[in-house]
Amino acid sequence: MKTLVILTVLFSSACVNQMSSVSVYKELGGYPKIEQIVDNFIIEIEKDPVIFEYFKESDVERFRTKLTEHICFHTGGPCKYTGDTMERVHDGMNITETDFNRGVDLLINAMYQADIPHRIQNKMLAIFVPMREQMIYRP
């Protein structure tokens, strides 16, 4: 009986370790799904007059490419991020905490539209929301 309990615990641990080794990138659905999220996010930004103000002078194609790279890289995908630091990208924008949170809501909408399950959305947000300090209040 004791051996059975030990084997069960070991098997359970192996399964948990195996499950946790799957990258968020793979859980999202890989590169095509990230592209879909980014395209949805761009549409969300275009529809939001407050957040659009931060992007109205942006090169949309460059934004699309760099954000796709950024998400791919930070979620464990095979991409290399070739863009600027978050500080440099956001210098001069002076993004408020309220507007940052509004942007996060738009990203959540974009993930929802791409059929990303809430559990995976939360994993992705856990990766990117800590970057908030590199983005807000950068005069």
Side-chain angles (χ1 to χ4, degrees):
M1 182 67 169
K2 187 175 178 182
T3 305
L4 180 60
V5 171
I6 291 171
L7 287 174
T8 303
V9 169
L10 289 174
F11 179 73
S12 297
S13 289
C15 288
V16 169
N17 286 338
Q18 187 175 19
M19 286 173 43
S20 66
S21 68
V22 173
S23 68
V24 175
Y25 173 82
K26 286 182 181 176
E27 289 183 294
L28 282 168
Y31 198 82
K33 200 55 107 162
I34 290 172
E35 287 180 311
Q36 186 179 4
I37 292 167
V38 170
D39 287 340
N40 292 346
F41 186 50
I42 290 169
I43 292 167
E44 289 293 310
I45 290 168
E46 290 171 345
K47 293 189 304 187
D48 189 293
V50 173
I51 300 304
F52 181 74
E53 280 299 308
Y54 291 106
F55 292 89
K56 67 182 179 184
E57 303 294 323
S58 297
D59 175 343
V60 176
E61 285 309 310
R62 178 175 167 76
F63 176 75
R64 177 180 281 114
T65 299
K66 296 306 169 194
L67 183 57
T68 301
E69 283 178 7
H70 189 71
I71 293 172
C72 177
F73 174 77
H74 285 286
T75 59
C79 304
K80 179 179 178 188
Y81 177 62
T82 61
D84 294 323
T85 65
M86 289 297 97
E87 292 91 351
R88 180 158 182 144
V89 169
H90 296 90
D91 276 348
M93 295 177 86
N94 202 22
I95 298 170
T96 66
E97 187 142 357
T98 299
D99 288 348
F100 175 84
N101 291 340
R102 189 173 184 145
V104 171
D105 287 341
L106 298 181
L107 180 59
I108 290 168
N109 290 345
M111 289 189 288
Y112 177 75
Q113 292 164 10
D115 297 320
I116 304 299
H118 289 252
R119 173 178 75 74
I120 308 305
Q121 289 182 29
N122 288 337
K123 287 183 177 187
M124 187 162 131
L125 291 173
I127 293 167
F128 292 103
V129 170
M131 296 178 190
R132 159 188 169 285
E133 297 302 322
Q134 301 164 19
M135 297 180 217
I136 64 171
Y137 302 115
R138 301 200 57 83

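All figures in this text were calculated on a predicted structure; none of them were measured in a lab.
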### Message
Taking the side chain as everything from C-beta on, heavy atoms only, tell me whether Phe73 gets closer than 4.5 Å to Tyr25.
### Response
no

### Spacing of CG belonging to Asp48 relative to CD belonging to Glu53, to within rounding of 0.5 Å
10.5 Å

### Query
Closest approach of Met131 and Ile127, non-hydrogen atoms and distance?
CE-O, 4.0 Å

### Query
Is the closest side-chain heavy-atom distance between Glu27 and Arg119 below 4.5 Å?
yes

### Message
Counting C-beta onward and ignoring hydrogens, is there a side-chain heavy-atom pair between Ile51 and Glu44 closer than 4.5 Å?
### Response
no

### Task
Name all pairs fulfilling the ring-ring contact (aromatic ring centres under 6.0 Å, His included) condition that reach into residues 32-68, sequence neighbours left out, sorted by first residue then second.
Phe55-Phe63

### Task
Taking the side chain as every heavy atom from C-beta outward, state whether Ile34 and Leu67 have any pair of such atoms under 4.5 Å apart.
no

### Task
Calculate, to the nearest 0.5 Å, the distance between atoms NZ and CD1 belonging to Lys47 and Ile45 respectively.
11.5 Å

### Task
Determine the minimum heavy-atom distance between Thr75 and Ser23, stating which atoms define it.
O-CB, 3.6 Å

### Task
Considering non-hydrogen atoms only, spot the tightest contact between Ala110 and Ile37 and give its length.
CB-O, 3.5 Å

### Gap between atom OG1 of Thr98 and atom CD1 of Ile136 - 0.5 Å precision
9.5 Å

#### Entry: Set of residues satisfying ring-ring contact (aromatic ring centres under 6.0 Å, His included) with respect to Tyr81, sequence neighbours excluded
His70

#### Entry: Joint hydrophobic cluster, Ile43 plus Ile116, side-chain heavy atoms closer than 4.5 Å
no

### Message
Can you tell me how far apart NE2 (His118) and CG (Leu125) are? Round to the nearest 0.5 Å.
### Response
11.0 Å

### Message
Walk me through whether Val104 and Phe128 qualify under side-chain contact (heavy atoms from CB on, under 4.5 Å).
### Response
CA-CA 10 Å; Val104 171; Phe128 292 103; over 6 Å; no

## Note on the structure
When rounded to the nearest 0.5 Å, the distance separating CE of Met111 from CG of Leu28 is 8.0 Å

### Query
Is there a path from Tyr137 to Met93 through hydrophobic residues (I, L, V, M, F, W, Y) whose side chains come within less than 4.5 Å of each other?
yes

### Task
Go through Lys66 and Asp84 one step at a time and tell me if the side-chain contact (heavy atoms from CB on, under 4.5 Å) criterion holds.
CA-CA 9 Å; Lys66 296 306 169 194; Asp84 294 323; over 6 Å; no

### Task
May I have the step-by-step check of side-chain contact (heavy atoms from CB on, under 4.5 Å) for Ile95 and Arg138, ending in yes or no?
CA-CA 7 Å; Ile95 298 170; Arg138 301 200 57 83; over 6 Å; no

### Task
Before giving the answer on side-chain contact (heavy atoms from CB on, under 4.5 Å), spell out for Thr65 and Thr82 the whole-Å C-alpha distance, their side-chain angles and the decisive distance to 0.1 Å.
CA-CA 10 Å; Thr65 299; Thr82 61; over 6 Å; no

### Task
Starting at CD of Gln134, measure out to CZ of Arg88 and round the result to the nearest 0.5 Å.
15.0 Å

### Query
What are the two closest non-hydrogen atoms of Gln121 and Ile108, and how far apart are they?
OE1-CG2, 3.5 Å

#### Entry: Closest heavy-atom pair and its distance - Gly29, Pro32
O-CD, 4.1 Å

## Note on the structure
Closest non-hydrogen contact found for Thr96 with Asp99 is OG1-N, 3.0 Å

### Task
Indicate yes or no: does Arg64 engage Glu35 in a salt bridge with an N to O separation below 4.0 Å.
no

### Side chain proximity check, Glu97 to Arg132, heavy atoms < 4.5 angstrom
yes

### Query
Within a radius of less than 6.0 Å around OH of Tyr112, do more than 12 heavy atoms belonging to other residues, nucleotides or ligands occur?
no

